[in-house]
Amino acid sequence: MTEQAVYDFTALENKWRDRWRRNRTMATPDPGPGDKTFYVLDMFPYPSGAGLHVGHPVGYLATDIVARYKRMAGYRVLHPMGWDSFGLPAERYAMKTGVHPEVSTEANIATYKRQMDLLGLGYDWDREIQTSSADYYRWTQFIFIQLYNAWYDAEAGAARPVDELPIPAEILAAGRRAVQKYQDEHRLVYYETAPVNWCAELGTILANEEVFNGKSEQGHKVVRVPLRQLKMRITAYAERLIADLEALDWPEGIKESQRQWIGRSEGVQLHFKVRGSDVEVETFTTRVDTLGGVTFLALAPEHELVDALTTPDQRAAVDAYRDEAACKSDLDRTRDAEKTGVPIGAAAINPVTGRPAPIYVADYVLPDYGAGAVMGVPAHDERDFAFAGKYGLDIVPVIDPGMNAPDRERVLAGRKCWIEDGVMLSPPKGGAGLYHAGMRWRDAREAVADHLEVKGLGKRKIAYNLRDWIFARQRYWGEPIPVIHWEDGTRTTVPEDQLPLTLPHIDNYKPTRQAQSPLERAEDWVEVTDPETGLKGRRETNTMPQWAGSCWYYLRFKDSRNAAAMVDPALEKAWGMVDLYVGGAEHATLHLLYARFWHKVLFDLGLVSTSEPFRKLVNQGLLTSHAFRNERGIILPIDEVASKENGVFVHAASGDVVTRVSAKMSKSLHNVVTPDDVVARFGADAFRVHMMFMGPLEAMREWETDRVASASKFLHRVWRFTTEGLANPSSDEGKPVSLALTRLVLAVTEDLDNLRLNTAISELMKFLKVAEGQPVSKATIDRFITVLAPFAPFMAEELWEMAGSSTSVFEAPWPRANEADLKAGIEKIEVVVQEGGKRRATIILAPDADDQTVREAAKARLAEMGKPVDGLDLNRVIVVRDRKSGQIKLANISVQAYSTSGV
RNA sequence: GCGGCUGUGGUGGAACUGGUAGACACGCGGGUUUUAGGAGCCCGUUCCUGACGGAGUGGGGGUUCGAGUCCCUCCAGCCGCACCA
């Protein structure tokens with residue numbers, strides 16, 4: 001080879017893209033016995049119409065690099081990609097343009113796929129799935145049916161088939177319909193009429209997890225309306241969902257978000273007698289110790305006892321208040337600092353004091369938490385304090401903040417709310433057993449709870465913030481729910497051998513009326529007749545939420561073409577948990593919680609072999625672009641701003657001076673950069689190297705296309721170095737070069753194992769710095785190419801071919817090196833001499849010199865510098881060695897070691 | 001308010017279990033080559049000082065022979081949750 005080829009990245013990348021596709025280089029065979037497996041997964045995307053921008057592939061690049069490395073390191077690697085292709089945007093697009101979601105989805109997928117190929121993302125496309133294809137959602141429906149036909153056995157702590165649900169004798173005696181009703185009430189999938197989150201703009205109801213500050217993800221208003229809804233009993237798993245987080249290698253923030261979302265709190269459910277009535281009101285409290293301080297009860301407006309307890313003179317006011325509360329959006333209801341309510345005329349009896357506590361309806365009480373009713377203790381709860389203040393209710397303290405509390409007097413006078421430490425006051429009168437004067441309130445709480453349980457007035461209970469998952473959506477573009485409602489009032493699921501229940505084509509995607517799915521229009525599809533009995537029925541017309549498909553897709557990748565099962569059990573087991581899962585943090589309480597829930601159900605039912613789906617989770621940081629902000633804080637698009645020579649930015653139209661700021665990529669700011677742009681300018685390898693070199697995967701960063709030039713420059717140097725070396729390999733390579741290669745292999749391997757891709761790339765740069773312009777052996781060049789390959793796969797393949805190989809570089813084994821080679825290669829070492837931790841000088845020593853030699857040498861060096869070392873206690877000289885290699889790094893002389901000499 | 005995360009040069013960021021702070025880059029400065037260059041190559045680049053030397057990882061305090069790293073405390077920023085009784 002005499003003529004040095006030019007690094008023509010476009011031609012070279014096209015060549016290998018094509019060759020990889022033809023040779024199916026990235027296809028993953030199923031694992032065989034004894035194979036080491038590694039499952040690395042990206043959160044699959046919803047294929048939107050806009051295609052990928054440079055921010056999307058941050059995580060995909062990282063997993064691709066890891067997957068290629070692991071494969072070379074001898075693992076059987078599963079690294080698939082698919083499409084979360086059901087969802088609202090496609091349906092809304094269809095409403096506007098009339099283009100069927102299936103058509104637009106296909107087009108979008110084609111774009112995504114082309115862009116992913118462009119970047120050299122080595123997915124095994126043989127395993128590609130899309131949630132909207134019937135081959136896939138057939139199994140989503142299958143799983144739905146498994147959940148439908150299961151109940152949660154609290155004693156066993158696991159889900160079981162509903163056939164195994166013990167039926168109480170009296171139900172059994174009441175007949176078949178009673179049994180069926182009983183079973184229906186226990187299923188993991190059930191119907192219930194309850195207030196739900198209704199978004200009129202989207203024409204659908206939403207799950208609690210999909211409502212943010214009273215608005216939908218898109219910012220549309222959400223209100224609570226009572227509707228009959230399909231739910232999944234995720235709350236049955238609350239305890240396990242919290243407990244099993246412990247063992248997962250996930251970011252602490254995500255785990256904590258889930259814990260908070262589930263929101264476990266221990267308390268007591270207790271009932272209050274209503275004065276002059278047999279009715280009792282259940283309340284839930286975490287502070288039974290404050291029972292004596294209860295001066296009112298507050299019921300949620302939706303509470304079922306409100307009607308019965310409201311007195312005639314309060315009826316009108318109560319009804320008006322309830323109507324008002326019903327119309328309020330979640331935002332109005334939760335954000336109003338002001339506590340409002342209306343007395344219903346009845347009063348409960350405080351069991352400690354015997355005094356009446358008026359009952360209110362108040363919308364700060366949520367209907368679906370605890371008992372939907374609270375005991376008001378204004379003295380020791382800030383919300384209750386605010387409420388009592390507004391309506392002039394008694395404020396009776398039961399806890400003494402203690403002598404040292406500055407606010408003690410005001411608390412005891414009922415003018416301030418106290419929620420911190422303290423001891424129980426003496427009871428106003430009586431209340432034995434429910435009052436523990438002098439006891440710290442935390443202890444009193446337990447004592448009172450014990451007492452209530454013994455007397456049958458209440459019992460300990462754990463309440464969760466988590467609500468059951470509202471599972472139905474009034475949409476077209478989602479999985480049909482395989483349920484049939486029969487005219488006799490019964491309900492069945494579609495027989496499994498009739499799956500998939502395919503989505504019918506319709507012409508109009510608008511909801512028919514409030515909370516009715518557009519599927520209602522597909523009359524032929526909706527109406528069914530039982531062929532055996534002639535019974536008529538209607539199909540469920542709601543569809544599944546977007547999260548359904550993503551709840552189990554990681555399982556399907558293991559066996560994505562299986563027509564007979566969701567996944568072959570042997571393959572499910574062989575691949576095991578996802579070893580590395582990379583995606584955005586925005587799914588903390590949505591996808592990641594739902595997927596864990598389904599996985600646990602499948603585990604209980606024996607369909608999967610692990611109790612958790614994802615072993616290690618990493619959230620990639622957000623990639624921003626930039627924009628400009630003027631003095632009024634308005635963000636301006638980048639093309640409306642000009643840069644002046646003095647580094648000042650000026651808004652072209654107004655002449656205002658503006659500042660450059662980080663901003664999310666968005667169409668309106670005209671700051672979207674696509675991978676296509678970057679690849680055309682610098683090539684995919686440079687894009688990959690730059691993106692990963694920018695910083696840690698988890699960190700947020702700002703994109704600047706010009707900066708890819710740095711990675712491009714590096715790759716040009718790599719190209720020149722390697723091609724020159726291959727043209728003229730040397731038989732006697734210098735020691736510094738071979739040492740640098742050993743160090744490179746060790747460092748890159750360690751960095752890859754820890755997902756430190758930025759430092760791995762800097763190691764490649766360091767090696768190049770040492771080896772450039774030096775004689776280099778063929779063996780060293782080969783090893784360098786293999787180490788480069790995960791990062792710059794296109795160039796590595798080309799160089800590998802030039803190096804004489806006829807197979808892919810990804811068939812090559814990952815090079816090995818050991819620490820001992822490094823150590824053996826070093827003859828002399830520079831040791832730092834410190835004085836009291838401050839660097840003073842360096843000495844040259846053999847790396848294996850013993851401590852005494854180091855100490856003497858350090859002392860001699862200090863003497864040379866004119867330091868008074870006569871009284872130096874050599875034992876006080878601390879010699880520090882590298883933990884791994886045992887090499888000396890530094891010698892530190894304690895300043896106190898001089899003190900004996902009196903200096 | 002609650003919770004999580006983060007504060008290191010002009011910039012992005014290195015520094016594994018406490019052990020030479022600023023690796024590797026960007027930018028900037030100087031030099032060189034020259035085919036025009038916003039190209040290549042080489043050198044320099046934390047701050048103060050002419051130098052010796054000193055200071056330095058958001059502020060303050062502590063532990064230690066030695067602290068970016070551990071502990072306490074305060075400050076700032078980012079993200080998530082938020083009437084859950």
Side-chain angles (χ1 to χ4, degrees), chain A residues 212-213 251-265 267-268 283-287 290 298 300 333-339 362-366 368-377 380-384 386-387 463-467 585-586 588-589 619 621-622 662 690 693-696 698-702 704 706-707 709-711 713-714 716-717 720 747 750-751 754 756 758-766 768-769 772-773 830-842 876-884 888-897:
Chain A
F212 308 92
N213 287 331
E252 197 45 48
I254 299 283
K255 289 204 219 177
E256 199 49 40
S257 287
Q258 292 212 348
R259 284 189 201 106
Q260 272 189 30
W261 187 262
I262 297 166
R264 181 185 197 276
S265 53
V268 172
T283 61
F284 174 78
T285 180
T286 54
R287 292 292 304 273
T290 63
R333 194 161 158 176
T334 58
R335 271 294 182 78
D336 283 358
E338 186 131 1
K339 310 267 173 289
D363 69 4
Y364 79 91
V365 181
L366 304 175
D368 48 3
Y369 180 80
V374 303
M375 54 179 227
V377 187
H380 304 295
D381 181 284
E382 278 169 353
R383 294 153 303 189
D384 298 343
F387 190 81
Y464 299 95
N465 285 356
L466 185 71
R467 309 298 202 277
E586 67 274 16
T589 52
N619 297 125
L622 191 73
S662 256
H690 175 68
F693 185 62
M694 284 172 81
E698 298 89 339
M700 187 168 151
R701 42 218 148 142
E702 192 179 306
E704 188 67 62
D706 285 348
R707 298 203 183 128
S710 163
K713 190 167 125 184
F714 164 68
H716 275 94
R717 279 168 59 206
R720 191 182 322 126
E750 201 188 317
D751 282 347
N754 292 292
R756 292 190 299 248
N758 53 331
T759 50
I761 291 167
S762 82
E763 292 299 335
L764 290 164
M765 293 172 169
K766 280 191 215 173
L768 196 61
K769 246 186 172 175
E772 256 173 344
E830 191 183 69
V831 177
V832 167
V833 180
Q834 290 187 337
E835 192 182 26
K838 293 196 193 309
R839 185 188 157 122
R840 281 289 127 88
T842 56
R876 301 296 298 273
V877 179
I878 288 151
V879 177
V880 181
R881 290 171 187 275
D882 185 89
R883 186 78 56 96
K884 272 188 263 175
I888 312 152
K889 292 172 76 173
L890 131 182
N892 186 32
I893 292 155
S894 162
V895 175
Q896 285 155 32

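Here the structure is a predicted model, which is why all the values come from computation and not from measurement. Naming convention: chains lettered A, B, ... in sequence-line order (proteins, then strands); numbering from 1 in each chain.
- Between A:Met375 and A:Val880, the residue anchored closer to the 5' end of RNA chain B is A:Val880, taking for each the nucleotide with the nearest heavy atom.
- Of the C1' atoms belonging to B:C79 and B:G44, the separation is 40 Å, rounded to the nearest Å.
- B:G30 and B:A39 are spaced 15 Å apart, taking the P atom of each and rounding to whole Å.
- Residue contacts for A:Lys713: at a heavy-atom cut-off of 4.0 Å it reaches the sugar-phosphate backbone alone, with no base atom in range.
- Using a 4.0 Å heavy-atom cutoff across all strands shown, A:Pro251 reaches no nucleic acid atom at all.
- A:Asn754 comes within contact range of no nucleotide atom at all, as no heavy-atom separation falls under 4.0 Å.
- The side chain of A:Ile878 lies closest to B:C65, out of B:C81, B:C65, B:G13.
- Taking atom P on both nucleotides, B:U33 is separated from B:A23 by 29 Å, rounded to a whole Å.
- Here A:Met700 lies in heavy-atom contact (under 4.0 Å) with sugar-phosphate atoms only.
- B:U6 and B:G13 have their C1' atoms separated by 14 Å, given to the nearest Å.
- Between B:C26, B:G3, B:C24, one nucleotide has an atom nearer to the side chain of A:Ser762 than all others, and that is B:C24.
- Between B:U46 and B:G1, the two P atoms lie 41 Å apart (nearest whole Å).
- Distance, A:Glu252 CD to B:C2 P: 19 Å, rounded to whole Å.
- Nearest nucleotide to the side chain of A:Arg756, out of B:C26, B:A23, B:A15: B:A15.
- A:Phe693 comes within 4.0 angstrom of a base, heavy atoms only.
- Nucleic acid contact for A:Glu256: sugar-phosphate only, since backbone atoms but no base atoms lie under 4.0 Å from a heavy atom of the residue.
- Distance from the side chain of A:Ser257 is smallest for B:G80 among the nucleotides B:G80, B:A85, B:G40.
- Note on A:Ser265: only backbone sugar-phosphate atoms sit closer than 4.0 angstrom, heavy atoms only; bases stay farther off.
- The C1' atoms of B:A76 and B:G60 are separated by 15 Å, rounded to the nearest whole Å.
- Residue A:Arg264 is out of contact with every strand shown, counting any heavy-atom pair closer than 4.0 Å.
- When distances are taken from the side chain of A:Phe284 to each of B:A85, B:C65, B:A55, the shortest belongs to B:A85.
- Checked by distance alone, A:Lys769 brings no side-chain donor or acceptor within 3.5 Å of a matching partner on the base of B:C24.
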